[in-house]
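Here's the structure we're looking at; comments come further down.
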Amino acid sequence: MKRIYILGLTVLVAALMSSCGLGKMVSKYPNVSVTLDNPDLENKGGEVFYTIKGTVPPKYLKKKATMTFSPTLKVDGTNLTTPFTTIKLKGEKAQGEGTTISWKNGGTFTQTGSFKFDESYETAEIVAPAIAQLKKKSAELNPEKNLSEGIANTCSRIGLQPTLSEKGGNGTYFLFAPHYFTPEFIGKTATIYFDLNSSNMNWSNKYNKSQAAKDSINAFVDFLNEDLIVDRVIISGWASPEGEETNNQGLSERRFEQGKKWFQDQYNKYLKDYAKRNKIKVKDIQKPSFEYVNNAKGEDWDGFEAAIEKSNMAQKNQILNVVKSQSSNEMREQKIREMTDIYPEISDVILPPLRRAEMSLVCKKHDTYSDAELISRVKSTPKDFSINERLYAASISQDLAEKEAIYKALINDANTQGDWRAYNDLGALKLNAYYNGGTEQDLSDAINYLNKATAISPNNGIILNNLAIAEFLQGNLTEARNNFQASQEASVEAINQDYALGMFAIKDGDYNKAAQLMNNKSCDYNTALVQILNKDYTAAQATLNCIEKVDAKTAYLKAVLAARLKDEAKVYSNLETAINLDASLKKTAKRDAEFKKYRHTDTFKSLVK
C-alpha cells in the first residue's frame with residue numbers, strides 16, 4: 001500500500017511540474033552539456049584554476065525560468081564542499097542575475113575561477129548539481145553532471161638529492177666547512193736548448209754547454225734528490241719565431257716530448273739512488289702519479305722582444321717597431337728573416353736561446369709524506385698539526401668513518417673545540433648518513449651538531465644550508481625555505497641558493513621563475529618537474545632519462561610523466577620501481593589524481609595494495 005502511495009505521489013509531482021513548465025526541463029536535462037574545459041585539474045601554488053563551460057539546447061530554458069549549477073567537490077563519497085563559484089542562468093524574461101539563454105536558439109555559458117587547494121581534494125569527485133526554478137516552483141535536475149575525478153598535487157612534489165661536498169651550495173649539497181689550509185709549493189727549473197729546426201737532444205749545443213745551463217740542470221737534479229713530494233711537472237716547449245708558425249707549433253710540441261723524456265730519465269735515476277740509499281728494490285717503491293702540464297707554446301714572441309730590449313743593438317727600437325707593426329704573425333716572421341741578413345746578431349745571439357724546453361719541478365714545501373701518510377699522522381698524533389691541517393686531512397680522505405674520527409677528535413680537543421667547522425662537518429656527515437638510509441638518531445645527531453656550530457658562528461651560510469636540508473628532509477618546508485633564504489643572505493660564508501629558492505618557486509606555482517633560478521639544470525629532478533608542469537613532456541623525458549641515480553622520487557615522477565603521455569606500461573613499471581625503493585609511495589600513488597585513469601585496473605590495485 002505504501003509503495004503505491006509513493007508511486008502516485010511521484011506521478012503527481014511530475015504532473016504538477018509538467019503543468020508549470022519544469023517537467024520538460026527535467027526530462028530533457030540530459031541534453032544540457034556541462035564540462036570542465038580541462039578535466040585534469042591541478043594544484044598550482046596552492047590554487048586550483050578552472051573553467052567550466054556548458055551548452056543549453058534550443059527550446060529548453062523557459063523564458064521566465066532560471067537554472068543554478070553548484071559545482072561541488074564530493075570527498076569520500078559523502079562530504080561535500082563547494083569551493084566553486086555558483087553558475088546562474090536565466091531565461092529571456094527572468095529577473096535577477098545570470099547569463100541569459102535564448103528560448104529559441106539556446107546558448108552557452110562559461111565560468112572561470114579558482115579556489116584554495118586542500119590535500120583531501122586529490123581523491124574528490126567533481127560534480128555539478130543543478131536546480132531549475134519557474135515562478136515559485138523548483139526541481140532538482142538529474143542525472144547529476146559528473147565533471148571529473150581528483151585534483152593533482154604534482155607541484156608539491158619538489159625534492160632534493162643532496163651529496164657531500166667541499167664546495168657547492170644551492171641546496172644540493174651537504175656542505176663541509178672550508179679547511180683554510182693552503183699547501184705551499186716550491187720548485188726548480190732546468191732549461192735544455194735545441195738546434196735550429198731540430199727537436200733532437202744535442203748536449204754539444206753552445207747553450208747547453210754554457211755554465212748557466214749546467215748549473216740549472218745540476219740544481220734541478222739536486223732538488224729532485226731532496227725526497228720532496230712531486231706535485232706536478234710543467235714542461236714548456238718553445239720555438240724561435242722566424243720559422244713558419246704551424247711548423248713552429250709542431251716543433252715546440254716535439255721539444256716538450258723531449259723535455260718530458262729527459263725528466264723521466266732523471267726521475268728513474270733518482271728512484272734507483274733512493275732505493276740504494278734505503279736498501280730496497282726499485283720495484284717495491286710506490287711511484288707517485290704526478291701531473292705533467294704541457295705548455296708547448298709555439299713561437300716565443302715575448303722572449304724575442306725581451307731579448308731585443310736587453311741587447312746592445314743600436315737599432316733595437318727600430319727592429320721592434322718594424323716587427324710589432326705587422327698585421328699577422330706570418331708577416332712578422334718574414335720581417336725577422338729579412339732582418340737577420342741585415343743584423344747578424346739576431347740570428348747569432350737573439351734567436352738561438354729561444355729554441356728550448358723548460359722543465360719546472362713543483363713540490364710541496366716542508367712535506368715529506370703523501371696524503372695517505374698525512375691522514376695517518378693526523379689520526380695518530382693530531383696535536384702535532386694545526387686545526388687547518390687536520391681539517392685538510394679530513395677533506396682529502398675518501399673514508400667517511402675516517403673523516404668522522406678526525407672531526408670528533410677536534411671537538412674533543414680543548415684547543416680546537418671552539419671552532420665551528422668540525423661541528424658543521426659532523427652535522428653534514430650525519431645528514432648524509434640519514435639521507436642514505438640511516439636512522440632517526442643520525443638526523444637527531446646532525447641537528448645537534450649543527451646547532452652547536454650555530455652557537456659558535458651565528459648567521460653562517462654553510463651551517464644554515466645544512467639546517468635547511470635537515471628541515472626539508474623532515475618535511476618542514478617553511479623552515480627549510482627560511483633557512484635557504486638566510487643562507488643566501490648570511491653575513492658569514494654566504495651561499496648562492498638560487499636553485500633551492502627556485503625549487504620553492506615550483507611550489508608557489510611560478511614555473512618560469514623556477515626554471516630561471518635553477519638555470520635549467522640538466523639531468524635534474526626538479527628541472528624535470530618544472531618541465532612536466534609546463535607540459536613540455538619531450539624535454540622532461542630527456543631530463544629524467546639522463547639522471548644516473550634513479551631514486552624513489554625520480555621513478556615516481558617518471559610514472560607521472562608516463563600517465564600524462566598515456567603510456568600505461570611505463571606507468572606500472574616506474575611505479576613498481578618507486579614503490580620497491582620506498583613503500584610509503586603506495587599510499588601516495590593510491591590518492592594521486594595523476595593516476596586516476598589507472599587506479600581501477602587490477603595491475604594498479606596490486607601495486608598499491
Side-chain angles (χ1 to χ4, degrees), residues 162-169 173-185 229 364-436 438-471 473-474 483 486-487 490-495:
T163 56
L164 285 166
S165 176
E166 303 291 334
K167 300 178 181 179
Y173 299 97
F174 304 113
L175 284 179
F176 288 123
H179 49 71
Y180 299 134
F181 173 73
T182 304
E184 293 184 62
F185 295 94
I229 301 297
K364 292 181 179 178
K365 184 178 181 181
H366 307 314
D367 188 358
T368 58
Y369 38 79
S370 66
D371 287 348
E373 290 171 327
L374 172 64
I375 294 167
S376 176
R377 287 169 184 257
V378 163
K379 287 169 61 182
S380 60
T381 57
K383 293 190 178 181
D384 290 346
F385 298 88
S386 69
I387 185 171
N388 289 355
E389 288 172 320
R390 292 161 73 176
L391 287 168
Y392 172 72
S395 76
I396 59 179
S397 173
Q398 300 301 308
D399 186 327
L400 298 186
E402 201 166 50
K403 286 180 184 286
E404 184 173 350
I406 295 172
Y407 296 142
K408 283 188 173 178
L410 283 166
I411 67 173
N412 291 323
D413 185 337
N415 294 318
T416 56
Q417 62 188 197
D419 195 298
W420 64 273
R421 291 175 292 174
Y423 292 104
N424 173 83
D425 293 358
L426 279 169
L429 281 177
K430 290 297 183 181
L431 276 180
N432 182 66
Y434 174 73
Y435 176 72
N436 288 288
T439 65
E440 290 295 326
Q441 187 61 49
D442 289 322
L443 178 61
S444 177
D445 289 345
I447 294 171
N448 182 45
Y449 285 130
L450 292 171
N451 285 337
K452 287 181 178 179
T454 300
I456 298 169
S457 180
N459 199 21
N460 184 306
I462 290 175
I463 305 169
L464 286 164
N465 173 83
N466 293 334
L467 283 170
I469 298 176
E471 295 289 1
L473 295 178
Q474 295 176 91
N483 280 329
S487 171
S491 58
V492 178
E493 300 289 353
I495 302 297

Flag side-chain contact, heavy atom, 4.5 Å: F181 against L391: no
N466 (side chain) donor-acceptor with D425 (main chain) under 3.5 angstrom: no
Considering all heavy atoms, the nearest A468-N483 contact: CB-CB, 3.5 Å
Between S491 and N459: side-chain donor-acceptor atoms closer than 3.5 Å: yes
Reported CD-to-CG distance for the pair E404 and L400, which is rounded to 0.5 angstrom: 9.0 Å
Which atom of Y434 lies closest to which atom of E440, heavy atoms considered: OH-OE2, 3.5 Å
Check: T416 and R390 side chains under 4.5 Å, non-hydrogen atoms: yes
T454 side, atom OG1; W420 side, atom CH2 - distance, nearest 0.5 Å: 10.0 Å
Polar side-chain atom of N451 near backbone of I447 as donor-acceptor pair, under 3.5 Å: yes
Salt-bridge present (E373, R377; N to O < 4.0 Å): no
Pairwise distance CG(N424) to CG(L429) - rounded to 0.5 angstrom: 9.5 Å
L464 CG to L175 CG distance, which is reported to the nearest 0.5 Å: 11.0 Å
Donor-acceptor contact below 3.5 Å, side chain D413 vs main chain A409: no
L374 side chain near Y392 side chain, heavy-atom distance below 4.5 Å: yes
Straight-line distance of I495 CD1 to I462 CD1, nearest 0.5 Å: 5.0 Å
Those residues that, when tested against K379, pass side chain to side chain contact (heavy atoms under 4.5 Å, CB included) (two or more places apart): I375, E402, I406
Closest approach of N460 to A490 (non-hydrogen atoms, all atoms of both residues): C-CB, 4.0 Å
Parallel, tilted or perpendicular: ring planes of Y407 versus F176, cut at 30 and 60 degrees: tilted
Heavy-atom donor-acceptor pair, K430 side chain to D442 backbone, under 3.5 Å: no
Side chain proximity check, L410 to D419, heavy atoms < 4.5 angstrom: no
Donor-acceptor pair, side chain of Q474 and main chain of A470, under 3.5 angstrom: yes
Distance-minimising heavy-atom pair for L450 and I463: O-CG2, 3.6 Å
Over all atoms of both residues, closest heavy-atom pair of I456 and G418: CG2-O, 3.2 Å
Residue pair E493 / P178: nearest heavy atoms and the distance that separates them: OE2-CG, 3.5 Å
R421 vs I387 side-chain heavy atoms within contact, under 4.5 Å: yes
side-chain contact (heavy atoms from CB on, under 4.5 Å) assessment of Y173 paired with T163: CA-CA 5 Å; Y173 299 97; T163 56; 3.4 Å; yes
